[in-house]
Amino acid sequence: MCGRYSLTTPEDHLVEVFDVPPLTFDYRARYNIAPTQDVPVVASDKRGTRLGLLRWGFVPAWADDPSIGSRMINARAESLLDKPAFKQAAVSRRCLVPADGFYEWAAEDGHKVPYWIHSPDREPMGFAGVWERWHHRGTEPVFSMAIITVDANDQIRHLHDRMPAIVPAADRKAWLDTETPIAEALSLLKPYELALEAYPVSTLVNRPANDVPDCIEPV
DNA sequence: CCAGACGTTGTT
DNA sequence: GTCTGG
DNA sequence: CCAGACGTTGTT
DNA sequence: GTCTGG
């Protein structure tokens, strides 16, 4: 699955890779991004395609309060259209979540070992996501998202059975385009075919407050 | 028709 | 809002 | 994902 | 054990 990731890419490079306008929020390298936090997301609306901050943890429009978001951090690619919570978002509110790596905890004789999984060239990837707007009278609107998961590929399977859906660079535009037929968009969600590298890291990463470079250093 | 749920993961 | 179960 | 809290009453 | 918060 995907419950923690990193984004250490410099701002100017991120803007260039995802071909978006200059950022309108404070950006800094992140080594330990956790659910419920506001994270940079590429999405399109009437103002065009741009990078904005969305809360990680999908809050459906019908939720009584936003706390449900902490339990809806992922959405299974296989069942996106079958789930009332995600269906409309899959059709018209797809997004890309920039990340240069993600963490998986592998069970190794009785304890859990965190691994950092990343592209060998350390370039940022785009995780497939869906976003939503929640609003109740008398409160600020909440813009939130879930990261879509697929079956782990052969490189990851020994660590975990699920992984984030990584949209290849060439497919990013089609994934974001609301004109793309839903069936075609969903066909882009498949186990990643390019190379990934994984190595064990410090349990420093277990604690979300430890957002430091040592999180991605091999041990 | 209305009522009630609506999600994922991991573990058992 | 939308789907499923009764 | 992991970490950390998990309850009420009354009083300050 | 289970839920919430980060």
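Reminder, nothing fancy here: chain letters follow the sequence lines and each chain counts from 1. The figures that follow rest on heavy atoms only: side chains count, while hydrogens, waters and symmetry mates do not.
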Any N/O pairs under 3.5 Å between the protein and nucleotides 4-8 of chain D? List them or say none.
residue, atom, partner, partner atom, Å
dG4(D), OP1, Arg207(A), NH1, 2.7

Once salt bridge (Lys or Arg N to Asp or Glu O under 4.0 Å) is applied, do any residues pair with Glu132(A), and if so which ones, sequence neighbours excluded?
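Testing Glu132(A) for salt bridge (Lys or Arg N to Asp or Glu O under 4.0 Å), a comparison that skips the adjacent residues, returns Arg93(A).
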Restricting to side chain to side chain contact (heavy atoms under 4.5 Å, CB included), what partner residues turn up for [X], sequence neighbours left out?
{"X": "Leu194(A)", "answer": "Tyr192(A)"}
{"X": "Pro22(A)", "answer": "none"}
{"X": "Thr203(A)", "answer": "Pro114(A), Asn206(A)"}

Is DNA chain D part of any stem, that is, at least 3 consecutive Watson-Crick or G-U pairs with both distances under 3.5 Å, and where?
D:1-6 with E:1-6
Partner set under ring pair (Phe, Tyr, Trp, His ring centres under 6.0 Å) for His136(A), not counting sequence neighbours
Trp134(A)
Ring pair (Phe, Tyr, Trp, His ring centres under 6.0 Å) partners for Phe127(A), two or more places apart
Tyr5(A), Phe102(A)
Heavy atom of residues 69-80 of chain A under 4.0 Å from DNA chain E: which residues?
Ser70(A), Arg71(A)
If you measure from the C1' atom in dC3(E) to the same atom in dT9(D), how many Å do you get, rounded?
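Per the computed distance, 23 Å lies between those C1' atoms.
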State whether a side-chain donor-acceptor pair under 3.5 Å links Asp100(A) with Thr8(A).
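Indeed, the side chains of Asp100(A) and Thr8(A) share at least one donor-acceptor pair under 3.5 Å.
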For residues 36-45 of chain A, tabulate all N or O donor-acceptor pairs below 3.5 Å that involve a side-chain atom, not counting sequence neighbours.
residue, atom, partner, partner atom, Å
Gln37(A), OE1, Arg30(A), NH2, 2.8
Gln37(A), OE1, Ala34(A), N, 3.0
Ser44(A), OG, Thr49(A), OG1, 2.6
Asp45(A), OD1, Arg47(A), N, 2.8
Asp45(A), OD1, Arg50(A), NH1, 2.9
Asp45(A), OD2, Arg50(A), NH1, 3.2

Output a table of nitrogen or oxygen pairs between the protein and nucleotides 3-6 of chain C separated by less than 3.5 Å.
residue, atom, partner, partner atom, Å
dC3(C), OP1, Lys87(A), NZ, 3.2

Show every donor-acceptor pair shorter than 3.5 Å between a side-chain atom in residues 75-86 of chain A and any protein atom, with sequence neighbours excluded, or say none if there are none.
residue, atom, partner, partner atom, Å
Glu78(A), OE1, Arg162(A), NH2, 3.0
Glu78(A), OE2, Arg162(A), NH1, 2.7
Glu78(A), OE2, Arg162(A), NH2, 3.3

